[in-house]
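Structure first, commentary second.
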Amino acid sequence: MAEKELTNYFEDFLTKQPLFVNKKALQINYTPEDIPHRDEQIKNIAGILAPALRMEKPSNLFIYGKTGTGKTVSITKVSSDLMKIAEKNNIPLKILYLNCKLKRVADTEYRLIAQLTREFGVEVPATGLPTDEIYKIFMRSIDQKKMLVVIILDEIDQLVKKIDDGILYNLTRLNHELKNTEMTLIGISNDLTFTAELDPRVKSSLGEEELVFPPYNAIQLQSILKNRVELAFRPQVLEDGVIEKCAAYAAREHGDARRALELIRVAGEIAERNNEIRVLMKHIDDAQEKIERDRVLDNISTQPKQFKLTLFSIFSMSFIGNKPIFTGDIYEIYKDACVKVGLKPLTQRRVSDIIAELDMLGIINAKVISKGRYGRTREIRLAIPTSTVPKVRDLLKSSLGL
DNA sequence: CGAGATTCATGTGAAGTATACCTTTAGGCTTAA
DNA sequence: AAGCCTAAAGGTATACTTCACATGAATCTCGTA
């Protein structure tokens, strides 16, 4: 009986008209043929990088703009076009792209350089080498023959926030020591005030050229969505107003186009799963919630055990009334939890740092306050929607074995 | 009553420690001439 | 004798601990009106 139902389900699935014709067009890493409303920026980038084709070192470039304003697509578009021409004309050009935010890949000076070296096809150990040694290996592998290298560092502000700006200074200085190769740095930052905090030397050498990506407005978002939707969905499957609603939602989030595209993709997936023949308005709301939930869950599940345990303690506390939570209380619960799980408790000092990091990740809000006579502490609140709290709890429980 | 001192609970910085991993080097073993 | 393997020595990055000091407003203290 059950088996029959399953077979039927699959057959239905096959005969049903799919909503999507090319879902790829909505995925994050998709680079469309043309990028609307970014002509000027793209022309600028192209102009800056073009000298590479004549074997002249392009200027270093600094790009600002909030998330989802097309920075990454624009730069990948330009660089892939540039590479095509370079290959055709046998110009020795190499473009490396690296996202600095990835935890355990590029979030320290050593790991960043190691990763760059690996991108170059040279295997290097994850630890154990002196940092200047890894610089040497990197330079050696990059400097073997005459060529141009463009290094794109995405979310560079995260990196500098975590370490310090000495790494950028080292990178810019590296160029002077290279014999054959010339290196161009492109930094991408979400934080518009980023350069204000930089060492002036770094600022002047890295910011030879600067480019700002303004946020999209709702109208522009709509046209972007229309373009992609035509590629991705069968005609006529979207209810009227769906695109407008998506655009409005995303515009509210400082014009984040990535968000808008994800929203409509997930809405489509939800509609498909619910056996709807069209994507309706309400699916967008569902999608909004699902995206947020997935983002949080994904983020949390990749955290180390101690982080999860700390978070779990915070969650346990937050269930007792709606009062603000303080570090000391959490640490008590955390210690108990450690015993239950069989993990050695970390010191309060360390837990304090972990709480600060969880705050940076946006899972919680922690504000340092002074309670006067009663000391000083962090006032902690959950920063995730209440609807996803139970799911997160379950995730934490199961991954900690509770 | 109000200015200044006190106090609490924890934030925060610096320095030290443990662990995991790396390269180099020297000694011992095997092998081939 | 040359070549190869292994283990020890010496080094690093990272996560964490230890120690010591910094914070900042509620509360206390005490002089003054």
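Below, chain A is the first sequence line, B the second, and so on; all start at residue 1.
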Discussion item. With a cut-off of less than 4.0 Å, is there a side-chain N or O of R350(A) near OP1 or OP2 of dT14(C)?
Written reply: no
Fill in: Rounded distance (Å) that lies between atom C1' of dT23(C) and atom CD of E379(A)
17 Å
Worksheet item: Is any side-chain nitrogen or oxygen of R349(A) closer than 4.0 Å to OP1 or OP2 of dG11(B)?
Response: no
Worksheet, complete the sentence: Between NZ of K367(A) and P of dT12(B) the distance, given in whole Å, is 14 Å
Worksheet entry | Residues in salt bridge (charged side-chain N to carboxylate O under 4.0 Å, His left out) contact with K335(A), at least two apart in sequence or another chain | E332(A)
Practice prompt. Apply salt bridge (charged side-chain N to carboxylate O under 4.0 Å, His left out) to R278(A) and list each qualifying residue two or more places apart in sequence or on a separate chain.
Written response: none
Side-chain donor-acceptor pairs under 3.5 Å in residues 345-352 of chain A, sequence neighbours left out?
{"from": "R349(A)", "atom 1": "NH1", "to": "D353(A)", "atom 2": "OD1", "distance (Å)": "2.9"}
{"from": "R349(A)", "atom 1": "NH1", "to": "D353(A)", "atom 2": "OD2", "distance (Å)": "3.1"}
{"from": "S352(A)", "atom 1": "OG", "to": "R378(A)", "atom 2": "NH1", "distance (Å)": "3.0"}

Practice prompt. Check I152(A) against I75(A) and note the closest heavy-atom contact, atom names and distance.
Written response: CD1-CG1, 3.9 Å
Worksheet item: Using a cut-off of 4.0 Å between protein heavy atoms and nucleotide atoms, how would you tag nucleotides 24-29 of chain C 5' to 3' with B, S and -?
Response: BBBS--
Acceptor/donor pairs from residues 367-377 of chain A side chains to any protein atom, 3.5 angstrom cut, sequence neighbours excluded:
{"from": "S370(A)", "atom 1": "OG", "to": "G372(A)", "atom 2": "N", "distance (Å)": "3.3"}
{"from": "T377(A)", "atom 1": "OG1", "to": "T327(A)", "atom 2": "N", "distance (Å)": "3.3"}
{"from": "T377(A)", "atom 1": "OG1", "to": "T327(A)", "atom 2": "OG1", "distance (Å)": "3.3"}

Fill in: E230(A): partners by salt bridge (charged side-chain N to carboxylate O under 4.0 Å, His left out), with sequence neighbours left out
none
Worksheet item: Going by heavy atoms in the side chains, are F213(A) and S74(A) under 4.5 Å from each other?
Response: yes
Worksheet item: According to the ring-ring contact (aromatic ring centres under 6.0 Å, His included) rule, which pairs have a member within residues 329-353 of chain A, sequence neighbours left out?
Response: Y331(A)-Y334(A)
Item to complete: Take atom CD1 of I355(A) and atom C1' of dG11(B), then tell me their distance rounded to the nearest Å.
Response: 11 Å
Worksheet item: For dG11(B), does either OP1 or OP2 sit under 4.0 Å from a side-chain N or O belonging to T327(A)?
Response: yes
Item to complete: Round to a whole Å and report the spacing from CD1 of I137(A) to C1' of dT23(B).
Response: 10 Å
Please list, one pair per line, the donor and acceptor atoms closer than 3.5 Å that link side chains of residues 385-392 of chain A to other protein atoms, with sequence neighbours excluded.
{"from": "T388(A)", "atom 1": "OG1", "to": "P385(A)", "atom 2": "O", "distance (Å)": "3.0"}

Worksheet entry | Near-strand residues of residues 340-347 of chain A, defined as heavy-atom separation under 4.0 angstrom from DNA chain B | none
Practice prompt. Specify the separation, in whole Å, of atom OH of Y331(A) and atom P of dG11(B).
Written response: 12 Å
